[in-house]
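Note that ligands are numbered from 1 as they come in the structure, with each ligand's atoms numbered from 1 the same way. In what follows, every heavy atom counts, from backbone to side chain, and hydrogens, waters and symmetry copies are set aside.
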Amino acid sequence: MPYVITEACINVKDKSCVDVCPVDCIYEGGDQLYIHPDECIDCGACEPECPVTAIFPEEDVPVQLKSFVEKNRVAFTSDNPPGRPTR
Ligand code: SF4
């Protein structure tokens with residue numbers, strides 16, 4: 001069950017999460033950061049680092065944000081997938 005980045009990241013992209021992810025599975029899209037669902041090892045290190053509380057374990061995503069589970073997944077199969085975060 002991967003972690004998921006939700007709405008609060010949009011246009012924030014703080015990237016504190018990127019620094020703590022042990023497997024570098026957090027990528028940057030045009031609007032927000034995304035966690036690769038097949039690469040995330042479910043360690044939980046990123047969740048407390050997010051200053052806007054955008055990150056949740058998939059099973060704990062609030063109901064009004066459930067669409068972000070699918071958004072994180074399909075982002076990586078799009079024509080313009082998220083890439084390595086820039087600083
Ligand atoms: Fe990376 Fe761990 Fe967060 Fe998954 S839960 S995105 S592996 S820091």
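Below the 2.8 Å limit, atom 4 (Fe) of ligand 1 has as protein N, O or S neighbours Cys40 SG.
Among residues at least two apart or in separate chains, salt bridge (charged side-chain N to carboxylate O under 4.0 Å, His left out) pairs with a member in residues 76-87 are Asp19-Arg87. Residue pairs that meet the salt bridge (charged side-chain N to carboxylate O under 4.0 Å, His left out) test with at least one member in residues 43-60, sequence neighbours left out, do not exist here.
At distances below 3.5 Å, not a single donor-acceptor pair connects side-chain atoms of Gln32 with backbone N or O atoms of Lys13.
Between Leu33 and Tyr27 the shortest side-chain heavy-atom distance does not fall below 4.5 Å.
One side chain, Ser16 or Asp14, offers a donor N or O that lies under 3.5 Å from an acceptor on the other.
Under the side chain to side chain contact (heavy atoms under 4.5 Å, CB included) criterion, Pro37 pairs with Pro2, Arg73, Phe76, sequence neighbours left out.
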